[in-house]
Undergrad: 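Quick one: structure below, then a few questions.
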Amino acid sequence: MALRELPTAAPPAEVWAEIERRTRVAPRRRVDRRWIGVASAAALALAIGAVTYERHGATRGVAGIPALVARSQSLERQIARSQPGARWGEGRAAVVYRIADLDRELAPLALDPVRDPERAEVLWRQRVALMQSLSELDVPDASSPSRTVAF
Amino acid sequence: MSQFTRIHIAADVLDALKRSDRSAAAQVYRALGDVVFTLALRVLSDRHLASEVVQDTFVDVIERAHSVRSNDAFVGWVRSIAVNHCLMRLRSPWRRRRLGWNDDESEDVGSAAARLDGFGDLERALRQLSADTRFVVWMHDVEGYTHAEIARLTGKTESHSKSQLKRAHARLLAWHKESDDGRSNAATSRDGAARIADGGAAG
């Protein structure tokens, strides 16, 4: 018996049901992408705000904020590097939604560091925690069909 | 010959799939589900991970079918998605541990052979190989990938792929010979060795 003559095996019956369930939520994924746009805009505001915080944060008694901003940015870069082909499956989308919500609340505070630094610090801590969760979602739920994936 | 090459999906089914027809999706799954699962199962040697690969592959197929321009390339496209999903699992650090990924090729051939009981255990022998070796063997011998293609997929060299394959063949033959000697059937051994080689010695 050669390897190629080994018999085929059938996947468990529940696999198709799961595929159907996942592909039925496809329309919702298109909605997700709008949130990604919102999150991107908020991220831009946060990037500007991060610079402002680096200049003013320490003088307002919120010395932890620059470190939190740096940690958040570092995690974001790490996610972008390690999961370039990641799409927004349900688990991942839930975290992204929460980050987008957080960013909308954080953006005005980031642009005006003297407004409510204590609240801003709380939000930055939450953002770091969510980014950490996102980075720990081990494997992206989709990949490119390209045959040029490197180890 | 790869099981994939024996499968033909009718053009009207593919056209319907591209229009997000769920019945067509079910037909495509019925036609290809087993071969995708088999590919993943042989490469990963783990039914749970193989089931995940099938799920992820068909979710991609259903959602991206509209991007396939040539119906003739469809089955090969599905296979490449499945292969990528297998590779993603092989790349994952904790899954590498679970799958017994073993870059230094230090399998215990003796103990593996001891668990075999005959030529019909080729499938079990395959499972004794490390995950990266198994990937090379299956993709080359069964799916017909060239060493250049495997090297591109794995990010390693062609010579690495060739040496992996050569060692794997030697191990499979050794396991077979050892189990066959136990049954004192020399004729079957010679025939069996030739047939394993036929399954993968070329290239």
Side-chain angles (χ1 to χ4, degrees), chain A residues 1-33 36 78-93 132-151, chain B residues 1-3 20 22 25-26 29-30 33-38 41-42 47 50-51 54-56 58-60 62-64 67 77-78 80-81 83-85 87-95 119-120 122-123 126 132 137-138 141-142 149 152-156 172 192 195-200:
Chain A
M1 180 189 292
L3 285 173
R4 65 185 61 157
E5 291 165 8
L6 287 172
T8 55
E14 62 269 20
V15 168
W16 173 244
E18 181 61 17
I19 292 166
E20 281 206 296
R21 187 192 66 75
R22 285 175 58 184
T23 51
R24 278 205 177 103
V25 301
R28 194 179 150 197
R29 284 188 177 159
R30 284 191 277 275
V31 176
D32 291 352
R33 297 189 187 283
I36 293 164
Q78 178 189 320
I79 292 164
R81 273 199 307 270
S82 65
Q83 305 175 357
R87 270 207 327 259
W88 310 96
E90 285 185 67
R92 189 180 303 276
Q132 186 71 47
S133 300
L134 201 55
S135 73
E136 287 168 0
L137 287 175
D138 184 46
V139 176
D141 60 357
S143 71
S144 159
S146 158
R147 284 171 64 169
T148 54
V149 173
F151 279 94
Chain B
M1 181 186 292
S2 166
Q3 296 279 355
S20 303
R22 302 201 71 80
Y29 179 79
R30 281 197 294 275
D34 286 7
V35 289
V36 169
F37 182 71
T38 301
L41 186 62
R42 301 289 184 235
R47 290 186 68 83
S51 296
V54 174
Q55 278 185 33
D56 290 348
F58 280 94
V59 167
D60 279 356
I62 291 166
E63 292 185 348
R64 301 184 192 178
S67 68
W77 177 71
V78 173
S80 69
I81 294 175
V83 169
N84 274 348
H85 279 299
L87 282 172
M88 285 167 61
R89 281 153 180 83
L90 292 175
R91 281 187 302 170
S92 164
W94 72 269
R95 281 175 170 143
F119 190 42
L122 184 57
E123 190 172 350
L126 188 66
D132 55 346
V137 169
W138 194 261
D141 289 357
V142 180
E149 288 175 314
R152 206 159 51 237
L153 282 166
T154 59
K156 298 187 177 172
L172 290 172
R195 279 182 289 165
I196 287 180
D198 178 54

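Numbers restart at 1 for each chain; the letters A, B, ... are given by sequence-line order, proteins then strands. The figures that follow rest on heavy atoms only: side chains count, while hydrogens, waters and symmetry mates do not.
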Undergrad: Which atoms of R30(B) come close to chain A, meaning under 4.5 Å heavy atom to heavy atom: side chain ones, backbone ones, both, or neither?
TA: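 Neither; nothing under 4.5 Å.
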Undergrad: Which atom names give the shortest non-hydrogen contact between T38(B) and A9(A), and what distance separates them?
TA: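 Closest pair (atom of T38(B), atom of A9(A), distance): OG1-N, 2.7 Å.
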Undergrad: To the nearest 0.5 Å, what is the distance between CZ on R22(A) and CG on D60(B)?
TA: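 One finds 8.0 Å between CZ of R22(A) and CG of D60(B).
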Undergrad: Within the structure provided, determine whether T23(A) and F58(B) are in side-chain contact (heavy-atom separation under 4.5 Å).
TA: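 Counting from C-beta outward, T23(A) and F58(B) never come under 4.5 Å.
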Undergrad: Under a 4.5 Å heavy-atom cut-off, does chain A meet the side chain of V83(B), its backbone, both or neither?
TA: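 No part of V83(B) comes within 4.5 Å of chain A.
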Undergrad: Show the nearest heavy-atom pair for residues F37(B) and P12(A), with the distance to one decimal.
TA: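 Heavy-atom minimum between the residues: CE1-CD, 4.0 Å.
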Undergrad: Would you compute the distance between atom CG of L6(A) and atom CZ of R42(B) and round it to the nearest 0.5 angstrom?
TA: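 If I round to the nearest 0.5 Å, the distance is 5.0 Å.
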